[in-house]
Amino acid sequence: MTRMRLRPENAHHAPLLRVLREGPCSRAELGEALDLSRSTLSAEVNRLIDLGLVQADGLAASRGGRRSGIVKLSSRLRFVGIDIGATSIDVAVTGAHLEILGSVAEPFDVREGPAVVLDKAMTLLGKLRDQGLAPEIHGVGIGVPGPVSFSEGVPVMPPIMPGWDRFPVREELSRELGCPVMLDNDVNIMALGELHAGLAKSVPDFLLVKLGTGVGCGIVVDGTIYRGVSGSAGDIGHIRVDESGPPCSCGNMGCLEAYFGGAALARDAEAAARAGKSAYLSERLAQTGVVTAADVTTGTAAGDLTSTRLIREGGRRVGQVLAGLVSFFNPGLVIIAGGLAQMGHTLLSEIRSVVYRRSLPLATGNMPIVLSELGSTAGVIGAARLSSDHVFSADQGESLRGMVRPSS
C-alpha cells in the first residue's frame, strides 16, 4: 500500500477525524471545536468525503439560521484490535468509533513463538471476516506481553516470549493484511482502552496496573502513553521488592512479579496445598494435579483463609511498589486490571490500604484506586484505538484513498 503524506493545506484532517471519532457532529460544531473558518472547514470536510473517510448524516437542529449539515465517520471503516497475552489471544473488529462489532478469544501460549502465535491470531481474525464483519480492514493494532520498540514495531528482549526478540511483527502483518499495523506492549493498549471507553475517559493523567501472568503498568500523561526511551517504561513487575526473594523470569531475584504474577501465585498456592495448609487448595490439587491462580480466587470466595491470605500478601507487595509510583507521578487515577484483578475487593482493599498509608497525602487526597470495568475488552479496544490514532494522524489520512469506498 502506498502511503502519501498529507499536503500542508490538509493539515486539519487528523484533528477533524479524531473529533468525529467521538461521534457525529454538525459542521458548525466542528468549526467551533477546531477553531476553523467556515470556508476552511467546508474544504476539509468535503475533501474527507471525497476520500471516503467521512459521510453526510442529515441536518442539525437550527441554531437561529440555516441548519448545519451533520457529518460522521464512514460506516465502512474497520479497525482490528489484537491482544496477545501470555496465555491467550483476543481479537476484535471495531467500527469507526471503536465500538466492538465482533470478537473471539482462545487460550494460547505465547511461548509457541511468533510465527505460530501470529498465524493463530490471523485464523481468529479470519473467523470474524467470514462473518462479514470486516470486508475491508483499515488498520490493525496489536499488544504483546513484553517490551516493544514502538518506532520499529518489534518486541525487544521480552522475558516470557522466547523467539520473539526483534521479530518484525508490524512489518509481517502489514504485508499480509495490506493495511497499517501498530505494535505496543499489552499494558499500554489496555491503558488506551481505558482512556477511550473506560473509567479514565475524563482523566488525562493516570496509571493502569495489570496483574496477570506478568505485572506491568501503563503510564498515561496528558492523554498520551508514555513509553520511555527504549519502550520499557512501566515494567514495574521487575522492580525488586526483596533482595532475598524468589528468582524471577528476568534473571533477577525478588521482583514484584516473582511474588505476585499469576505463576508465582499458583506456585505459592500449590505449596500451601502440598503442606496441608488449605483443605480447599489440597482438594483442587488432588482433583486436577495442579493449583492455579484462578483456584485462589474461587477459594477466597468459598471462605478459604489461606487463599485470602495469599491475595492479601500479594496486594501488599503491589501496594508497596505502587505507593512509590504514586508519590513520584501524582496520577489522577489508578486502575487495577488483568486476570488477577478478578480477585476483586479482597485484593483492591489491600492495595488501597498500603498506598494510602505510604504515599504522600497531597498525592492521594483526590486519587481513586479502582478495578477496571472494561475487563478483557480493554486490550482490544485499546489496540484498535492505537491503530485509529495512527491512521487518523497527519501523515496517514490520504493513505486510505482507495481503501474506503464512498457511501452511496
Side-chain angles (χ1 to χ4, degrees), residues 14-26 29-30 32-34 71-73 77-83 90 92-101 103 139 141-143 182 184-212 216-227 233-234 322 325-326 329-338 341-342 344-345 348 351-352 355 363-393:
L16 196 155
L17 289 168
R18 294 191 188 199
V19 170
L20 288 177
R21 184 171 57 190
E22 300 303 315
C25 285
S26 70
E29 290 170 333
L30 282 172
E32 292 170 0
L34 299 172
V71 292
K72 66 178 183 179
L73 292 178
L77 280 170
R78 292 291 184 270
F79 296 101
V80 173
I82 301 175
D83 184 6
D90 291 66
V93 172
T94 79
H97 305 291
L98 309 187
E99 71 282 13
I100 293 178
L101 304 177
S103 63
I142 307 174
M182 300 301 290
D184 207 343
N185 175 269
D186 63 343
V187 185
N188 287 344
I189 64 168
M190 291 177 71
L192 279 176
E194 294 288 347
L195 181 67
H196 183 80
L199 294 168
K201 194 166 185 179
S202 60
V203 183
D205 300 277
F206 70 94
L207 299 176
L208 178 134
V209 178
K210 179 189 177 184
L211 303 175
C217 182
I219 306 168
V220 178
V221 182
D222 196 22
T224 302
I225 294 291
Y226 178 76
R227 298 181 175 88
L322 188 53
L325 300 178
V326 165
F329 179 59
N330 189 203
L333 173 69
V334 174
I335 300 173
I336 308 299
Q342 296 175 15
H345 286 276
L348 183 64
I351 294 174
R352 283 174 169 169
V355 172
T364 58
N366 296 302
M367 186 201 70
I369 303 175
V370 299
L371 296 172
S372 170
E373 294 182 354
L374 292 181
S376 61
T377 65
V380 290
I381 292 173
R385 165 68 182 255
L386 178 69
S387 174
S388 174
D389 281 347
H390 176 69
V391 170
F392 290 170
S393 64

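Residues: numbered from 1 along the sequence shown.
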Engineer: Testing the basics here: between Gly139 and Val391, what is the closest heavy-atom pair and its distance to 0.1 Å?
Structural biologist: CA-CG2, 4.3 Å
Engineer: Glu32: which residues meet the side chain to side chain contact (heavy atoms under 4.5 Å, CB included) condition with it, sequence neighbours left out?
Structural biologist: Arg63
Engineer: Test: side-chain hydrogen bond (donor to acceptor under 3.5 Å, both in side chains). Region: residues 199-212. Which pairs qualify, not counting sequence neighbours?
Structural biologist: Asp186-Lys210
Engineer: Do Ile100 and Val93 come close enough that some side-chain heavy atom pair is under 4.5 Å?
Structural biologist: no
Engineer: Applying side chain to side chain contact (heavy atoms under 4.5 Å, CB included), run through Arg78 and Leu101 and close with a yes or a no.
Structural biologist: CA-CA 9 Å; Arg78 292 291 184 270; Leu101 304 177; 3.4 Å; yes
Engineer: How long is the gap from SG on Cys217 to CZ on Phe329, to the nearest 0.5 Å?
Structural biologist: 8.5 Å
Engineer: Tell me every residue that passes salt bridge (Lys or Arg N to Asp or Glu O under 4.0 Å) with Arg352, counting only those two or more places apart in sequence or in another chain.
Structural biologist: none
Engineer: State the CD1-CD1 distance between Ile351 and Ile336, to the nearest 0.5 angstrom.
Structural biologist: 4.0 Å
Engineer: Just grab all the salt bridge (charged side-chain N to carboxylate O under 4.0 Å, His left out) pairs involving residues 365-387, residues at least two apart or on different chains.
Structural biologist: Arg385-Asp389
Engineer: Less than 4.5 Å apart, any side-chain heavy atom of Val334 and any of Leu322?
Structural biologist: yes
Engineer: For a quick test of reading the model, state the closest non-hydrogen atom pair linking Ser103 to Ala92 and the distance between them.
Structural biologist: CB-CB, 3.9 Å
Engineer: Who pairs with Ser388 by side chain to side chain contact (heavy atoms under 4.5 Å, CB included), at least two apart in sequence or on another chain?
Structural biologist: Arg21, Phe79, Leu98, Phe392
Engineer: I'd like to know whether Lys72 forms a side chain to side chain contact (heavy atoms under 4.5 Å, CB included) with Leu20, so could you lay out the CA-CA distance, the side-chain angles of the two residues, the decisive distance to 0.1 Å, and finally the verdict.
Structural biologist: CA-CA 6 Å; Lys72 66 178 183 179; Leu20 288 177; 5.6 Å; no
Engineer: Determine the minimum heavy-atom distance between Leu195 and Ala200, stating which atoms define it.
Structural biologist: CD1-O, 3.8 Å
Engineer: Output all residues satisfying side chain to side chain contact (heavy atoms under 4.5 Å, CB included) with Asn185, sequence neighbours left out; order by chain, then residue number.
Structural biologist: Val187, Asn188
Engineer: Using 0.5 Å steps for rounding, measure from the CG atom of Asp83 to the CD1 atom of Ile381.
Structural biologist: 11.0 Å
Engineer: So, for Ser387 and Gly141, which heavy atoms are closest and what is the spacing to 0.1 Å?
Structural biologist: CB-N, 3.6 Å
Engineer: List the residues meeting side-chain hydrogen bond (donor to acceptor under 3.5 Å, both in side chains) with Glu29, not counting sequence neighbours, and say none if there are none.
Structural biologist: Ser26
Engineer: For the CD1 atom of Ile335 and the CD1 atom of Ile369, what is their distance to the nearest 0.5 Å?
Structural biologist: 11.5 Å
Engineer: Would Val80 and Thr94 count as a side chain to side chain contact (heavy atoms under 4.5 Å, CB included) here? Give the steps.
Structural biologist: CA-CA 6 Å; Val80 173; Thr94 79; over 6 Å; no
Engineer: At what distance, to the nearest 0.5 angstrom, does CG of Leu199 lie from CG of Leu374?
Structural biologist: 7.0 Å
Engineer: Given 3.5 Å as the limit, does a donor-acceptor pair link the side chain of Glu99 with the main chain of His97, or not?
Structural biologist: yes
Engineer: For Cys25 versus Val19, what's the shortest heavy-atom pair and its separation?
Structural biologist: SG-CG1, 4.2 Å
Engineer: Which residues pass the side chain to side chain contact (heavy atoms under 4.5 Å, CB included) test with Ser376, not counting sequence neighbours?
Structural biologist: Asp90
Engineer: CD1 of Ile219 to CD1 of Ile225: how many Å apart, nearest 0.5 Å?
Structural biologist: 9.0 Å
Engineer: Before giving the answer on side chain to side chain contact (heavy atoms under 4.5 Å, CB included), spell out for Ile82 and Val380 the whole-Å C-alpha distance, their side-chain angles and the decisive distance to 0.1 Å.
Structural biologist: CA-CA 6 Å; Ile82 301 175; Val380 290; over 6 Å; no
Engineer: Over all heavy atoms of both residues, which pair between Met367 and Leu333 is shortest? Give the atoms and the distance, please.
Structural biologist: CG-N, 3.9 Å
Engineer: What pairs with Thr377 under side-chain hydrogen bond (donor to acceptor under 3.5 Å, both in side chains), at least two apart in sequence or on another chain?
Structural biologist: none
